[in-house]
Peer 1: 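Below: one structure in structure tokens.
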Amino acid sequence: MTPGIDTAASNRPLWLRILFAAEATRAALWPERFSPATAWAFLVPAILVVFVLVAGMGYMVDASLRELDRSTFMLSDDYSFANYATVLDRSFYWHIIGRTVAAAVIVTVITLVLAFPYAYAMARTPSAATRKLLLIGLFLPFFIGQVVRAYGWLIVLGQEGLLNSGLAWLGLDAIKLIYTYTGVLIGLVQYMLPFAVLMLAPAVTAVPEEVELASGSLGANWFATLWHVLLPMAKPGLVAAGVVVFTLTITDFAMPEIMGGGTNDFIASAIYDGYFSISEPGLGSALAVLLVLLASTLVAVIFAFVGVGTLGYTKRLER
Amino acid sequence: MTQRPLTPSRSLILPRRRLLAGAGALGAAGALGGTSLLSRLARAQDVEKPEEIIVRAWGGVWVESLDTGVSQPFTDATGIAVRHDLTEDNEIRPRIWAAVDQGRVPPIHINWDTTTNATKSALRGVTEDLSDLPNLDGLLPAAQPVGFDGYPIVNTYSYVYVMAYREEVFPEGPPTSWNVMLEDRFRGRVALYDDGIGFHPVAVILGGGSMDDIPDNMEPAWEWLRRLKEQEPLLGEDPDFTTWFQNGEIDVACTIISNARAAKQNGIPVSWTVPEEGAKVDTDGLWIPKGLPENELYWAKEYINYALSAEAMEVWCNSLGLPPTRPGLTPPEDLAGDPAYPSSEADFDRLISVPTPVLVEHEADWFAAFNEIMQG
């Protein structure tokens with residue numbers, strides 16, 4: 001309670017009384033002597049979330065080391081690497097892993113190339129109306145789930161969809177994009193673009209416009225300014241967007257399932273099949289563990305090349 | 001319930017006999033099955049009723065038929081609402097297994113499942129015994145799952161994986177062989193289930209093998225499927241086939257007759273046939289997971305008991321276009337004489353039946369081999 005203030009005074013406004021009551025409750029539950037631990041206390045929810053994830057992974061690692069007994073459909077009591085051996089032994093798993101990693105790289109590159117101009121336009125446009133329009137274009141897809149968007153693509157790219165109807169109207173042959181790897185990549189790029197723009201926009205906004213003007217006044221053309229000024233200064237955003245798009249793509253399930261026609265599965269589809277279609281949780285867990293290891297390793301490699309400092313952590317560490 | 005060890009049978013004729021055996025003798029009794037059943041349900045007032053019974057089902061024509069034939073009359077008679085959970089059968093299974101393992105109440109009361117998958121659950125010991133249901137009387141031997149003394153599952157009907165085709169691309173009549181799938185004109189326009197279910201034994205025949213090759217020598221199947229892979233087939237689930245036919249994406253598919261029939265009834269120009277190499281016939285069933293409160297178990301059993309009655313089965317199975325495991329019921333008019341609606345020895349001679357124990361033991365390997373070819 002604050003000295004000198006009559007908190008119980010009935011003539012205080014309601015909001016003030018609520019405020020004082022909340023403060024009194026806080027003081028009772030979290031006394032002043034605990035204050036050095038306050039910052040750590042705020043970390044508790046995050047630590048709990050991480051703990052749940054780690055515990056879940058622990059169960060998965062455990063299951064991945066147990067083989068399925070098909071006479072009882074229970075996992076064995078004994079530990080072995082049989083499930084990992086199965087994954088490594090079957091060539092189609094290697095195919096799927098290669099296809100998934102390749103898609104993650106391609107989608108990340110294309111998405112960043114498309115997202116940067118969008119983020120730049122949003123940050124630099126002098127027109128409030130244009131900025132609003134770009135923001136609507138950015139956020140609208142978030143209100144439409146991935147599955148709905150995938151089905152939207154089926155309508156656009158299908159045999160009798162908008163694209164082929166347009167081509168037929170022009171007297172051209174129909175093209176088959178739906179249920180192909182290319183179709184999956186198109187769907188993924190469209191899905192990932194808003195995420196990338198959202199991650200890039202603050203980084204581009206943080207680059208002062210005057211720096212670009214200075215670059216121009218020193219004789220640099222727009223490409224030189226882009227290459228030597230804008231991109232390096234926006235690097236934290238590019239790295240963050242790249243990592244987010246890469247990890248979301250490498251773990252994606254819905255888009256290859258819907259757009260792939262059943263023959264363009266990603267690793268997540270194989271995990272699903274392991275757990276559900278063939279009732280082999282050990283095999284599904286082994287694939288899941290391998291996916292986590294693969295994605296983590298690749299992201300670690302990215303950070304090793306570009307440095308964690310690009311995400312803005314270096315200064316804090318150097319103090 | 002005592003389980004017998006499941007050993008793969010070399011005789012692939014057994015299931016056909018089970019589907020037909022005693023049909024004539026039991027016909028009259030079967031037709032009477034379920035008489036006054038609704039009044040029996042109405043009388044069972046001394047067991048506390050749950051607010052609802054949750055039944056897992058497949059969507060589309062599948063859940064509609066169950067609702068019309070079984071769920072609505074059950075609700076009318078008992079006042080217990082029936083909620084249909086459309087979670088995929090493959091997805092609900094691990095949730096049930098986990099619930100039973102952890103001693104929790106399972107997420108559903110009744111699972112409508114393929115016999116192969118249901119047998120896996122029975123082997124794991126998560127199914128209730130249904131042997132005391134009065135309406136088991138008069139069912140065909142095929143209603144009882146292979147490898148068990150009791151009824152951890154009760155099979156309710158058989159179904160055929162037919163060749164569905166777009167009528168306009170076969171103006172001279174239905175295709176006679178599955179090999180049409182390999183014709184150049186159907187490149188990118190054929191479809192199978194995404195794990196090849198329903199097609200593996202057919203592919204053995206197509207690849208030059210015989211039923212004796214199953215399950216030890218499946219190479220003929222994989223050889224034929226490698227050729228099919230060159231045709232860039234689409235792979236999907238039940239709803240995909242309807243969508244693909246509707247959108248003009250495919251011309252030929254291997255799918256369950258109910259899906260093709262529902263598409264046709266909805267105006268999609270699709271028909272179906274059993275090609276000369278045959279088509280796979282299989283069964284579905286109902287089972288109850290362990291761990292339900294006593295009163296809910298009682299009413300779940302009453303639901304299945306009603307589903308097995310003649311009155312319920314006739315509406316339910318006729319709506320699906322599938323022959324029930326209760327003999328003597330009137331088949332749907334549009335399927336009379338259709339080889340995809342097997343009702344005689346001659347019909348079953350054209351079909352390919354693989355014993356459930358063989359499927360339980362080997363199907364996962366067949367899925368893996370199919371994926372290896374199609375994803376490669």
Side-chain angles (χ1 to χ4, degrees), chain A residues 59 63 68-75 86-87 89-100 151 154-155 157-161 164-165 174-181 256-267 269-270 272-285, chain B residues 3 5-7 87-95 97-98 101 116-117 119-126 147 187-189 191-197 229 232-237 240 243-244 246-250 357 360-376:
Chain A
Y59 276 108
L68 185 77
D69 178 350
R70 287 193 191 171
S71 64
T72 60
F73 281 86
M74 308 279 273
L75 292 176
T86 301
V87 173
D89 190 45
R90 290 183 180 165
S91 61
F92 83 100
Y93 282 132
W94 287 101
H95 237 96
I96 289 174
I97 290 169
R99 176 190 296 144
T100 310
Y151 275 103
L154 295 185
I155 294 167
L157 300 179
Q159 186 72 21
E160 295 170 4
N164 280 330
S165 298
I175 55 172
K176 186 172 173 65
L177 284 173
I178 203 74
Y179 309 130
T180 64
Y181 190 52
E257 276 292 306
I258 298 169
M259 298 277 290
T263 51
N264 292 284
D265 284 0
F266 280 16
I267 302 172
S269 307
Y272 175 93
D273 286 344
Y275 278 115
F276 301 111
S277 297
I278 59 174
S279 304
E280 293 226 20
L283 187 62
S285 296
Chain B
Q3 290 177 10
L6 277 173
T7 50
T87 304
E88 265 294 306
D89 52 339
N90 286 328
E91 291 174 14
I92 203 79
R93 186 177 56 242
R95 287 168 55 188
W97 289 6
D101 287 351
T116 306
N117 281 342
T119 301
K120 292 176 185 174
S121 293
L123 285 169
R124 194 176 163 109
V126 301
R187 193 179 188 83
R189 301 190 61 78
L192 299 177
Y193 283 100
D194 55 11
D195 45 18
I197 194 168
K229 162 73 175 168
E232 299 171 6
L234 297 187
L235 306 176
E237 296 289 342
D240 295 321
T243 307
W244 290 338
Q246 195 159 23
N247 295 341
E249 303 281 355
I250 58 172
V360 168
E361 187 172 344
H362 295 280
E363 205 171 54
D365 296 329
W366 299 349
F367 291 162
F370 181 88
N371 272 332
E372 188 143 4
I373 293 165
M374 294 300 168
Q375 299 292 336

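Lettering follows sequence order; numbering is per chain, from 1.
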Peer 1: Is it true that a side-chain atom of A/Arg70 and a backbone atom of B/Val360 form a donor plus acceptor pair closer than 3.5 Å?
Peer 2: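 No.
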
Peer 1: What distance do B/Gln375 atom CD and A/Phe266 atom CZ have between them, rounded to the nearest 0.5 Å?
Peer 2: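 One gets 10.5 Å once the value is rounded to the nearest 0.5 Å.
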
Peer 1: Let me know if A/Asp273 has heavy atoms under 4.5 Å from chain B in its side chain, its backbone, both or neither.
Peer 2: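 Only the side chain of A/Asp273 comes within 4.5 Å of chain B.
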
Peer 1: Let me know if A/Tyr93 has heavy atoms under 4.5 Å from chain B in its side chain, its backbone, both or neither.
Peer 2: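 Neither part; nothing is under 4.5 Å.
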
Peer 1: Select, from B/Gly248, B/Ala191, B/Gly236, the one with the greatest count of heavy-atom pairs under 4.5 Å involving chain A.
Peer 2: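 Most heavy-atom pairs under 4.5 Å with chain A: B/Gly248.
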
Peer 1: Considering residues at least two apart in sequence or located in another chain, which fulfil the ring-ring contact (aromatic ring centres under 6.0 Å, His included) criterion with A/Phe73?
Peer 2: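 Applying ring-ring contact (aromatic ring centres under 6.0 Å, His included) to A/Phe73 gives none.
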
Peer 1: Where does B/Asn247 contact chain A at under 4.5 Å (heavy atoms): side chain, backbone, both or neither?
Peer 2: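 Contact with chain A is through the backbone of B/Asn247 alone.
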
Peer 1: Side chain, backbone, both or neither: which part of B/Asp89 has an atom under 4.5 Å from a heavy atom of chain A?
Peer 2: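 For B/Asp89, no heavy atom lies under 4.5 Å from chain A.
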
Peer 1: CZ/B/Arg124 to OG/A/Ser71 distance, rounded to the nearest 0.5 angstrom?
Peer 2: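 Those atoms lie 12.0 Å apart.
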
Peer 1: Looking at chain A, which one of B/Glu232, B/Met374, B/Lys120 has the largest number of heavy-atom pairs inside 4.5 Å, strictly under?
Peer 2: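 Top option by heavy-atom pairs under 4.5 Å: B/Lys120.
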
Peer 1: Measuring from B/Ile373:CD1 to A/Thr263:OG1, what's the distance to the nearest 0.5 Å?
Peer 2: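 Here the interatomic distance stands at 13.5 Å.
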
Peer 1: What is the distance from atom CG of A/Leu154 to atom CH2 of B/Trp244, rounded to the nearest 0.5 Å?
Peer 2: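 If I round to the nearest 0.5 Å, the distance is 10.0 Å.
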
Peer 1: Report the option among B/Ser121, B/Gly188, B/Ala368 that has the most heavy-atom pairs separated by less than 4.5 Å from atoms of chain A.
Peer 2: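 That would be B/Ala368.
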
Peer 1: So for B/Arg95, is it side chain, backbone, both, or neither that comes closer than 4.5 Å to the heavy atoms of chain A?
Peer 2: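 Neither; nothing under 4.5 Å.
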
Peer 1: So which atom in A/Ile278 and which in B/Phe367 form the shortest heavy-atom distance, rounded to 0.1 Å?
Peer 2: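 Closest pair (atom of A/Ile278, atom of B/Phe367, distance): CG2-CD1, 3.4 Å.
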
Peer 1: Side-chain contact test, heavy atoms from C-beta onward, threshold under 4.5 Å: evaluate it for A/Met74 versus B/Trp97 and give yes or no.
Peer 2: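 No, their side chains stay 4.5 Å or more apart.
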
Peer 1: What part of A/Ile178 lies closer than 4.5 angstrom to a heavy atom of chain B: side chain, backbone, both or neither?
Peer 2: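 Interface part for A/Ile178: side chain.
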
Peer 1: Please determine, among A/Lys176, A/Glu280, A/Glu257, A/Arg99, the option with the most heavy-atom pairs under 4.5 Å with chain B.
Peer 2: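 Sorted descending by pairs with chain B, the first entry is A/Arg99.
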
Peer 1: Flag the one option from A/Ser91, A/Gly158, A/Ser279, A/Pro281 with the top tally of heavy-atom pairs under 4.5 Å to chain B.
Peer 2: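 Answer, by heavy-atom pair count under 4.5 Å with chain B: A/Ser279.
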
Peer 1: Once ring-ring contact (aromatic ring centres under 6.0 Å, His included) is applied, do any residues pair with A/Phe92, and if so which ones, sequence neighbours excluded?
Peer 2: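 For A/Phe92 there are no ring-ring contact (aromatic ring centres under 6.0 Å, His included) partners, ignoring immediate neighbours.
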
Peer 1: How long is the gap from CD1 on B/Ile250 to OH on A/Tyr179, to the nearest 0.5 Å?
Peer 2: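 The OH atom of A/Tyr179 is 9.0 Å from CD1 of B/Ile250, to the nearest 0.5 Å.
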
